[in-house]
Amino acid sequence: INHVGPVPSSYYVRDHVKVDYEYCMTVNRGSSQQLDYEILFPGCVLRWQFACEGADIGFGVFLKTKKGEWKKASEMQEVLPSQRYNAHLVPEDGSLTCEHPGVYVLRFDNTYSIFQAKRVSYTVEVLLSDQLQSQREALTNGKSSNNVQAEDEQSQL
């Protein structure tokens, strides 16, 4: 039987994955922090990346109807169930296609921690759906989507 020795530090993932995050916040012990993102059109993609210092952090995505109001997690519709992530070891990332317009809440949960606050670094993006993106590009080129379609029909004649 061959016993395994210590894992070389060159195998540690956290030392090799460096990500520059846009924002940083502290989630105090026994509390949570919520980030609101208003989605106006169905089909938009909400994308996030985060890492924390200290220990694991809870994360979930919820949906509420009004912007600016604070609600408990139990009062909102759960879109992505809240669970604990070892983001202190490996950076986490994910995305969600928003099927309904509304205010999507990204919730960092540290309510289970009695002694330790967590410092969370994160980046969040809202990406337009492919259909909205093509309409936007057509408008920025000085043409509405109807004009583009009409020009395409004329070129076929």
All N/O donor-acceptor pairs, side-chain side in residues 93-100, below 3.5 Å, sequence neighbours left out:
none

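The shortest heavy-atom contact between Gln116 and Gly54 is NE2-CA, 3.5 Å. In terms of heavy atoms, Val103 sits closest to Asp36 at CG1-CB, 3.8 Å. Of all non-hydrogen atoms in Gly58 and Tyr112, the two that sit nearest each other are N-OH, 3.5 Å. Contact between Phe108 and Met25 at its shortest, heavy atoms only, is CD1-CE, 3.2 Å.
There is no path of hydrophobic side-chain contacts, each under 4.5 Å, that joins Val45 to Val105. One hydrophobic cluster holds both Leu80 and Tyr37 under the rule that ILVMFWY side chains link at heavy-atom gaps under 4.5 Å. There is a path of hydrophobic side-chain contacts, each under 4.5 Å, that joins Val61 to Ile39.
Here the side chains of Tyr122 and Leu35 are in contact, with some heavy-atom distance below 4.5 Å. Inter-residue side-chain proximity for Tyr104 and Val126 is flagged as unmet; no heavy-atom pair is nearer than 4.5 Å. Residues Val120 and Cys52 have side chains in contact (heavy-atom distance under 4.5 Å, counting atoms from C-beta outward). Cys44 is listed as a side-chain neighbour of Leu128, based on a closest heavy-atom distance under 4.5 Å.
For Ser121 (side chain) and Ala51 (main-chain N/O), no donor-acceptor pair under 3.5 Å exists by modelled atom type. Side-chain N or O atoms of Ser31 include one that pairs as donor or acceptor with a backbone N or O of Asn28 at under 3.5 Å. Put simply, the side chain of Asp56 never gets that close to the backbone of Arg84: no donor and acceptor are under 3.5 Å apart.
Checked options Asp109, Thr26, Ile57; the residue passing with Lys118 is Ile57 (criterion: side chain to side chain contact (heavy atoms under 4.5 Å, CB included)).
Here the straight-line distance linking atom NZ of Lys64 with atom CD of Gln77 works out to 13.5 Å at 0.5 Å rounding. Note that OG1 of Thr123 is 11.5 Å distant from CZ of Phe50, once rounded to the nearest 0.5 Å. One finds the CG atom of Leu46 at 9.5 Å from the CD atom of Glu125 (value rounded to the nearest 0.5 Å).
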Gln34 vs Arg107, side chain to side chain contact (heavy atoms under 4.5 Å, CB included): CA-CA, chis, key distance, verdict: CA-CA 4 Å; Gln34 298 181 2; Arg107 182 174 183 264; 3.8 Å; yes
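For OH of Tyr23, the number of neighbouring non-hydrogen atoms (other residues, nucleotides, ligands) closer than 6.0 Å is 12 at most.
Aromatic ring orientation, Phe59 versus Tyr85: perpendicular (interplanar angle above 60°, classes split at 30° and 60°).
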